[in-house]
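Data block below; observations after.
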Amino acid sequence: MTSKAHLACDGHGRPLSVLVGRGQAGDSPMFAHVLEGICVPRLAGGAHRTRPDEVRADKAYSSRANRELLRSRGIKAVIPEKTDQAANRVNKGRAGGRPPNFDPES
């Protein structure tokens, strides 16, 4: 049996949330659980911060469910679209909708 670490970190690479899952399991199903684990105390006191400004992730996390989760929480998604997802969207024509916003320089 193998294991896989799922990690959320800040812009300086400091871990905010870590989950260890089965190695054969997919990355995308763990996305919501990793986001739920984020809890950063505020320096001036008050409630802990649980919502990042943006999430940067690789193509493994580009599912519609993950994007909807981020949108519902008001979090900017910086996730590239998979090639097959883009092709399916284009094949649907106007019904396929707009491509997700992605700025590689962001």
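Any value given below was found using the heavy atoms of this structure, including those in side chains, with hydrogens, waters and symmetry copies removed.
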Measuring from [X]:[atom1] to [Y]:[atom2], what's the distance to the nearest 0.5 Å?
X: Asp53; Y: Asp10; atom1: CG; atom2: CG; answer: 11.5 Å
X: Leu19; Y: Leu7; atom1: CG; atom2: CG; answer: 9.5 Å
X: Arg67; Y: Ile75; atom1: CZ; atom2: CD1; answer: 13.5 Å
X: Leu16; Y: Arg49; atom1: CG; atom2: CZ; answer: 10.0 Å
X: Thr50; Y: Ile38; atom1: OG1; atom2: CD1; answer: 8.5 Å
X: Arg64; Y: Leu69; atom1: CZ; atom2: CG; answer: 14.5 Å

ask   = Among the clusters formed by ILVMFWY side chains lying less than 4.5 Å apart, do Leu35 and Val20 turn up in the same one?
value =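 They do not share one cluster, since no chain of ILVMFWY contacts under 4.5 Å joins Leu35 to Val20.
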Arg73: salt bridge (charged side-chain N to carboxylate O under 4.0 Å, His left out) partners, not counting sequence neighbours =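 Once residues adjacent in sequence are excluded, Arg73 has no partner under the salt bridge (charged side-chain N to carboxylate O under 4.0 Å, His left out) criterion.
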query = Do Arg14 and Cys9 come close enough that some side-chain heavy atom pair is under 4.5 Å?
reply =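 In short, these two side chains do not touch, never coming nearer than 4.5 Å.
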query = Would you find a donor on one side and an acceptor on the other, under 3.5 Å apart, between the side chain of Arg51 and the backbone of Gly74?
reply =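 Answer holds: yes.
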Backbone N/O of Ala77 and side chain of Arg71: donor-acceptor pair under 3.5 Å =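 Checking the backbone N and O of Ala77 against the side chain of Arg71, no donor-acceptor pair under 3.5 Å is found.
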task = Just jot down the side-chain contact (heavy atoms from CB on, under 4.5 Å) partners of Asp58, sequence neighbours excluded, or say none.
result =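 side-chain contact (heavy atoms from CB on, under 4.5 Å) check on Asp58 returns Ala60, Tyr61.
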Identify every side-chain donor-acceptor pair in residues 21-33 under 3.5 Å, counting partners at least two apart or on other chains, and give the distances.
residue, atom, partner, partner atom, Å
Asp27, OD1, Lys4, NZ, 3.2
Ser28, OG, Asn66, ND2, 2.8

